[in-house]
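Just below is one structure, and these are the notes that go with it.
Here the structure is a predicted model, which means the values were calculated and not measured. Just so it is clear: chains get the letters A, B, ... in the order the sequence lines come, proteins before strands, and each one is counted from 1.
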Number of protein chains: 2
Amino acid sequence: MSQHRHPGASGRAGVVPALPDLPEATVARLPEYLRALHNLAETGHETISSEGLASAAGVNSAKLRKDLSQLGSYGTRGVGYDVALLIDQIEYVLGLTQRRAVALVGVGNLGHALAGYDGFATRGFRIAALFDADPKRVGEEISGLVVRHIDDLPRVAAEEAIAIGVIATPAAAAQRVADELVAVGVTSILNFAPCVLSVPDGVDVRKVDLAIELQILSFHEHRKASLTRLPATGGSTLTALPGGLAAPDTQEAIGT
Amino acid sequence: MSQHRHPGASGRAGVVPALPDLPEATVARLPEYLRALHNLAETGHETISSEGLASAAGVNSAKLRKDLSQLGSYGTRGVGYDVALLIDQIEYVLGLTQRRAVALVGVGNLGHALAGYDGFATRGFRIAALFDADPKRVGEEISGLVVRHIDDLPRVAAEEAIAIGVIATPAAAAQRVADELVAVGVTSILNFAPCVLSVPDGVDVRKVDLAIELQILSFHEHRKASLTRLPATGGSTLTALPGGLAAPDTQEAIGT
DNA sequence: CGCGATTTGTGCACGTCTTCACAAGCGCCT
DNA sequence: AGGCGCTTGTGAAGACGTGCACAAATCGCG
Ligand SMILES: NC(=O)c1ccc[n+]([C@@H]2O[C@H](COP(=O)([O-])OP(=O)(O)OC[C@H]3O[C@@H](n4cnc5c(N)ncnc54)[C@H](O)[C@@H]3O)[C@@H](O)[C@H]2O)c1
Ligand SMILES: NC(=O)c1ccc[n+]([C@@H]2O[C@H](COP(=O)([O-])OP(=O)(O)OC[C@H]3O[C@@H](n4cnc5c(N)ncnc54)[C@H](O)[C@@H]3O)[C@@H](O)[C@H]2O)c1
């Protein structure tokens, strides 16, 4: 049970491997590998090569192998990776062996969609509670859960072990909600409101902002348009974009 | 005293302002700066220092200055940046001087929320059309737009200049929809379905996957939990995370 | 049992991103 | 006019991430 982890010395004690400290870029890709692996498992694959998994996940195979090697050696040379084993490993590393409880705050337009989303349940999470500040919304039942008032957060948090808070309120309320989540011990927040949150050390915030994604796409549109106005410098100018175009979570022109 | 520009007025015809090819990491942050600048403009600020803008955008000031310097020299030493001018500059670079038309495909749970989202309009975009494959959904009116059948996509695309396609269908349909979008000339896609899309060169795809975000948070939860089980190595172990913890679009522990 | 085909794991080189630290530039005040 | 304080813009260094290319390991087969 008690496991020691020292920087550099990844001594593995018995069955449970020590949590290695993975590069953040790797962590961001593991969920994608996991999804691809589940697909493969469903279609009857027992093993998969790095090449096969890489293409299913939309990355390059060298990168995939390097990522997986960070978790330990779970492949077999000449054969590939055992799909079931790898799923277990990645789920373990991502902390998905326990189904984490999620609290969703802000049951408006977006919040309703999220509350009804089955992707929570199928991918390792459980919506434990819904909150809103609007009295007209409190009491409403959404896919089996009753919306509670945000003031009940402390009480509910004491009952359920809330691991992650999701903020789907207007931006103006987001900081206040974040503070309230932090106050009841939540140390991971997913923020859909378009604003920056201030949180204490040790609390992780990830942000999803639709408009930012669109604006990044807009930039590339603008750029592509300005390129086509240039005198032809050779063949297809569109593919002459700089190599680094692919952002951390952008896929660009992965061939068929 | 170099170039100033007006949307549609000066220097657009012959003298192309030479779109610099920005580092992708910079492009991903510009929208955040833009949002912060709009907030500042609304609260009456005419100029802002790199320090002030950086904290409003949740980044470090050196990074912000380097990012902005990529666009040209639009700051004044000893003073800061002119808020209005910088807004114009960033909007120009991001290609927001023209309001781009967005087609939303898949008007289900999530699609409804997106269709009613005012963040499109307020941040440079216009929902031009809604599509679905379900005959029961076709004809429904959502915030002023009528849902059309996906088979009408070619006709609508000919009328409106669709710049960006947003996919909010189940994963099983996403590739097919992407192909149809590409076929009518769309070169930028925002994909909410949890799957990898194959597109030809020159087409940009960005993905938003809620479950991936949650799983990344889960990893850090798992990690924090395993750290607290360690014998105290002196002081607050939670802040002893490696410096690179902050992912491209993660904010971690930005002090109050 | 040994050999060839296959595929992993990784050393290495290269490119990108971040951060520091400071010179250069600007406005204000005297 | 000149000096002073403030802030930008950037060179350089280091951290980080990526992709190539190949040795090492394993399997299947004769
Ligand atoms: N609708 C979308 O598709 C979409 C897409 C991307 C981002 N967003 C962002 O998500 C957020 C929510 O969007 P929406 O369209 O659902 O807005 P909405 O106005 O429909 O819903 C917001 C909900 O939050 C509740 N709320 C307000 N203050 C609260 C508080 N202090 N505590 C608890 N609940 C509170 C309101 O009562 C309301 O029910 C916004 O910040 C929006 O910018 C929305
Ligand atoms: N609901 C959420 O909060 C949420 C969050 C994150 C991601 N997602 C993802 O977004 C997607 C949509 O989720 P949802 O909850 O809205 O699902 P949904 O089933 O409610 O809606 C999907 C819609 O797409 C339509 N559709 C199916 N095939 C189509 C086709 N070929 N062309 C056009 N339209 C088609 C369906 O008729 C339906 O209206 C899914 O991939 C889901 O995983 C949803």
Starting at atom CG of B/L68, determine the distance to atom P of D/dT10, rounded to an integer number of angstrom. 12 Å

How close or far is atom P of D/dT18 from atom CD of B/E24, stated in whole angstroms? 13 Å

Using whole Å, report how far CD of A/Q89 lies from P of C/dT8. 17 Å

Taking CD from B/E51 and C1' from D/dG9, how many angstroms apart are they, rounded to a whole number? 15 Å

Can you list, pair by pair, the side-chain donor-acceptor contacts under 3.5 Å of residues 36-44 of chain B, counting residues two or more places apart and other chains?
residue	atom	partner	partner atom	Å
B/H38	ND1	B/L34	O	3.4
B/H38	NE2	B/E91	OE2	3.4
B/T43	OG1	B/N39	O	3.1
B/T43	OG1	B/L40	O	3.0
B/T43	OG1	B/H45	ND1	3.0

Residue closer to the 5' end of DNA chain D, A/T26 versus B/S69 (nearest nucleotide): B/S69

Pair A/E32 + A/R29: basic N to acidic O under 4.0 Å: no

How close or far is atom P of D/dA21 from atom CG of A/N60, stated in whole angstroms? 12 Å

Euclidean distance, atom CD of residue B/Q70 to atom C1' of C/dT18 [Å, nearest integer]: 12 Å

Those residues at least two apart in sequence (or on a different chain) that pass salt bridge (Lys or Arg N to Asp or Glu O under 4.0 Å) with B/R123 are A/D209

Nucleotide D/dA13, atom P - distance to NZ of B/K63 in whole Å: 21 Å

To the nearest angstrom, the CG-P distance between A/D67 and D/dC16 comes to 16 Å

Please evaluate the base of C/dT19 for a donor-acceptor partner in the side chain of B/K66 within a cut-off of under 3.5 Å? yes

Per atom distances to the B/R65 side chain, the nearest of C/dT18, D/dT8, D/dG19 is D/dT8

Between protein and nucleotides 3-7 of chain D, what N or O pairs are separated by less than 3.5 Å?
residue	atom	partner	partner atom	Å
D/dT7	O4'	B/G78	N	3.0

